[in-house]
Amino acid sequence: MAHPTRGAPLTATAEADVIGGLHRALADWFAAEARDLPWRHPDCSPWGILVSEVMLQQTPVVRVLPVWREWMKRWPRPADLAAEAAGEAVRAWGRLGYPRRALRLHAAATVIADEYGGSLPDTEEGLLALPGVGGYTAAAVAAFAFGRRAAVVDTNIRRVHARLVRGEALPAPSLTAAERRLAEELLPDDRGASVRWNVAAMELGAIVCTARSPRCDACPVASACAWRAAGEPPPSYVPKGQAWHGTDRQVRGAVMAVLRAASRPVPRVLFEGPGPAVADDGGPVAAQLARLHALAPAPEQLERSLEGLLADGLAAEHDGGLALP
DNA sequence: AAAGCGTGGTG
DNA sequence: TCACCAAGCTT
């Protein structure tokens, strides 16, 4: 494997020492500097951890916190969520984004309640089979909820590995086999140590080894960092941002905001454009409709977006109108 | 396997 | 301002 020091190749023993040093340094740093997050508390249930992991997919911690607390209060066990309509999960999702995650969490809760007697599967393989759970989330829940030795590979850990070991500013655009291999090689043999390494590396990426302006002065492993040693070379490629203005996604988002605000089905004609005054339930719906209309989507784009939401199960037909499922 | 999927804070 | 970015998954 690549090793985090310059110069002559290390013997296997020396390399193990270097890696052991990284393990210790990060564990100490984590113990002193980690954020106090509720899903890291020892009394947090596996369900709470799963919910947090799904909410944290592409969504920052600060926005997840209040919604996660609300979900835990309202649905402390998977069966509690499974007993509700899926639309309640979508509504309670609020503005976290990617609302299909709420749908999948509801579906996962149903599987857990119906097929697992209400307890989460405790293996990566079992977790991976749940709706909305991919490689990252399965490994994270296996490690953080069940103490298993699993190589967790998220965007933070990928960036830490890219810099610390590979000497590159950013990881490749998509996860490579080499990255999985490296993550596996760096993982401590001991289960407890492996869990601590996973959280610590993730935390380091989140608050020190950040994408934009890394705080290398506060980094516990800066002296071992290959990227630093190489003079912090710039990224070898330009990440292409996600289009937003004028896209179906923007329209879908505006439609979902309408449905979340509505307590009854919204007639289709109201989505199409500002028309004659409409009796709504008081204002929030009208305000979200106005936001949608301000985007002025072409009729075919609006149609495509509505059909997409129906196909995805994020919207349903009721009495000739649209509502949450 | 590349593209699609929300949202809001920030440099 | 505006593009980038955030504990990815699915098809």
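All of these numbers come straight from a predicted model, not from anything done at the bench. All chains are named by letter (A, B, ...) in the order of the sequence lines, taking the proteins before the strands, and each is independently numbered beginning at 1.
Along DNA chain C, the nucleotide nearest A/Asp154 and the nucleotide nearest A/Gly132 are compared for position; the residue whose nucleotide lies closer to the 5' end is A/Asp154.
Of the candidate nucleotides C/dA7, C/dA6, B/dG6, C/dA7 has the atom lying nearest to any side-chain atom of A/Tyr136. Closest to the A/Arg35 side chain, of the nucleotides C/dA7, C/dC4, B/dG6, is C/dA7. Closest to the side chain of A/Thr155, from the set B/dG6, C/dC9, C/dA6, is C/dA6. The nucleotide whose nearest atom lies closest to any side-chain atom of A/Asn156 is, among C/dA7, B/dG11, C/dG8, C/dA7. Distance from the side chain of A/Arg95 is smallest for B/dG8 among the nucleotides B/dG8, C/dC9, C/dC4. Side-chain proximity of A/Arg252 to the nucleotides C/dC5, C/dG8, B/dC5 is greatest for B/dC5. Checking C/dA6, C/dA7, C/dG8 against the side-chain heavy atoms of A/Arg63 singles out C/dA6 as nearest. Counting only heavy atoms from C-beta on, A/Arg212 has its side chain closest to C/dC4 among B/dG4, C/dA7, C/dC4. Checking B/dT7, B/dC5, C/dA7 against the side-chain heavy atoms of A/Met202 singles out C/dA7 as nearest.
The pair A/Glu168-A/Arg159 does not meet the salt-bridge criterion, since no charged nitrogen lies less than 4.0 angstrom from a carboxylate oxygen.
Using the six-membered ring where Trp is involved, A/His161 and A/Trp197 have ring planes that are parallel, under 30° apart on the 30 and 60° scheme.
B/dG8 atom P lies 13 Å from atom CE of A/Met256, rounded to whole Å. In this structure, A/Tyr98 places its OH atom 10 Å from C1' of C/dC9, rounding to the nearest Å. Whole-Å rounding puts the A/Asp312 CG to B/dC5 P distance at 8 Å. Following rounding to the nearest Å, A/Gln242 (CD) and C/dC2 (C1') show an atom-to-atom distance of 14 Å.
Between B/dA1 and C/dA6, the distance separating the two C1' atoms is 23 Å to the nearest Å. Rounded to a whole angstrom, the distance from the P atom of C/dT11 to that of B/dG6 is 14 Å. A gap of 15 Å separates the P atoms of C/dA7 and B/dG11, to the nearest Å.
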